[in-house]
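Report on the following structure.
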Amino acid sequence: MNDGFLKFSAPFIKSAKETFKTMMGTEITLHSPKLKENTLSTGDITALIGINGNIERNGKVDEFRGLLALSFPEDVYLKLASRMLGEEYKEYSADIADAGAECTNIILGTAKPDLLKIGIKLGLTTPSTVRGRQHEIQYPKTGIIVETNVTCDLGNFFMDLCYQDTNLK
Amino acid sequence: MISKESKILVVDDMMTMRKLMAKALREMGFENIVEAADGNLGFTAVQEHAPALIFCDINMPHCNGIDLLKRIKADSRYRHIPVIMVTAEAEGAMVKEAIQSGADQYVIKPFDKEILTAKIEVVKKKYAKAA
């Protein structure tokens, strides 16, 4: 992975670790980031949030578009929601539909101060959830997508970061 | 005055966060929890339930948390109700606006029960002094 991705992903990795530890009491480990060549989900349930705002480089401000997606196999999502809410969910329902989305919201919110340090200033965005096997994810068209396998005691899932490869501070 | 019998209003558009906050408050001994899914429903709940304390998310569709906070603090019937803002925005701008608009405290997500307990205690002391 190039230097741009390392700089861009570091705030998300740090805040994802903190979020999962505080909200779910689990330590996550990220493995083998790789370029994703398609726009299909790896998991059954994907929580998404836009990484939208501006980037400042060399005194010039440009628009920045990106996306954070957490894609879970259904059984892992049920375990995550059960751990987060402290009650057991054996099937997907409206009660837990936004559990993953709230995780992306918190991860992005926590990452914002560190993103600002590399010149990216983000606005407010609303997370959403898509469900279904191999569903299409609406990544920003000009972005590079990097998929990272995440492991923890709840099981495995994937964190996708889509970003514009640009000169970060 | 906030006591274990007090009604507490939780306003958040995300059902998961409302459930999580309500669960944490129940574990802290508060049994009378009322929930609302946006600022407009939150204001209706304030009118109907006259809560002793409000936890309010900032980033919500329709009527956001800052708008609800301003409506509460502009209304002489409700401005005495302490409002603790909840946000995932760890950067200062939203929190600054909330404090300038009359928020009593703020909680940054992710949070745990200890944080909620500490924030409630600060609010209780502030209002006990003012009484």
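In what follows, every chain begins at residue 1, and chains take the letters A, B, ... in the order their sequences are listed. All values reported here derive from a predicted model rather than from experimental measurement.
A continuous path of Ile, Leu, Val, Met, Phe, Trp and Tyr side chains, each step under 4.5 Å between heavy atoms, connects A:Ile120 with A:Ile49, placing both in one hydrophobic cluster. Taking hydrophobic clusters as Ile, Leu, Val, Met, Phe, Trp and Tyr residues chained together by side-chain heavy-atom distances below 4.5 Å, A:Ile13 shares a cluster with A:Tyr163.
Dense packing is recorded around CZ of B:Phe43, with more than 12 heavy atoms of other residues, nucleotides or ligands lying under 6.0 Å away. The neighbour count for A:Lys17 NZ, taken as heavy atoms of other residues, nucleotides or ligands under 6.0 Å away, does not exceed 12. Atom NZ of A:Lys60 sits in a sparse spot, with 12 or fewer heavy atoms from other residues, nucleotides or ligands closer than 6.0 Å.
For the pair A:Leu124/B:Glu89, a side-chain contact is recorded, criterion being any heavy-atom separation below 4.5 Å from C-beta on. Residues A:Thr22 and B:Lys109 fail the side-chain proximity criterion, which asks for heavy atoms closer than 4.5 Å.
Looking at A:Thr125, only its backbone comes within 4.5 Å of chain B, counting heavy atoms on both sides. Using a 4.5 Å cut-off between heavy atoms, A:Ala97 does not touch chain B at all.
Nearest heavy atoms, B:Pro110 versus A:Ile106: CD-CG2, 3.4 Å.
Among the residues in residues 13-32 of chain B, those with a non-hydrogen atom closer than 4.5 angstrom to a non-hydrogen atom of chain A are B:Asp13, B:Met14, B:Met15, B:Thr16, B:Met17, B:Lys19, B:Leu20, B:Lys23. Heavy-atom neighbours of chain A within the stretch residues 67-85 of chain B, taken at a separation under 4.5 angstrom, are nonexistent.
The candidate with the highest count of non-hydrogen atom pairs below 4.5 Å against chain B, out of A:Thr19, A:Asp95, A:Asn105, is A:Asp95.
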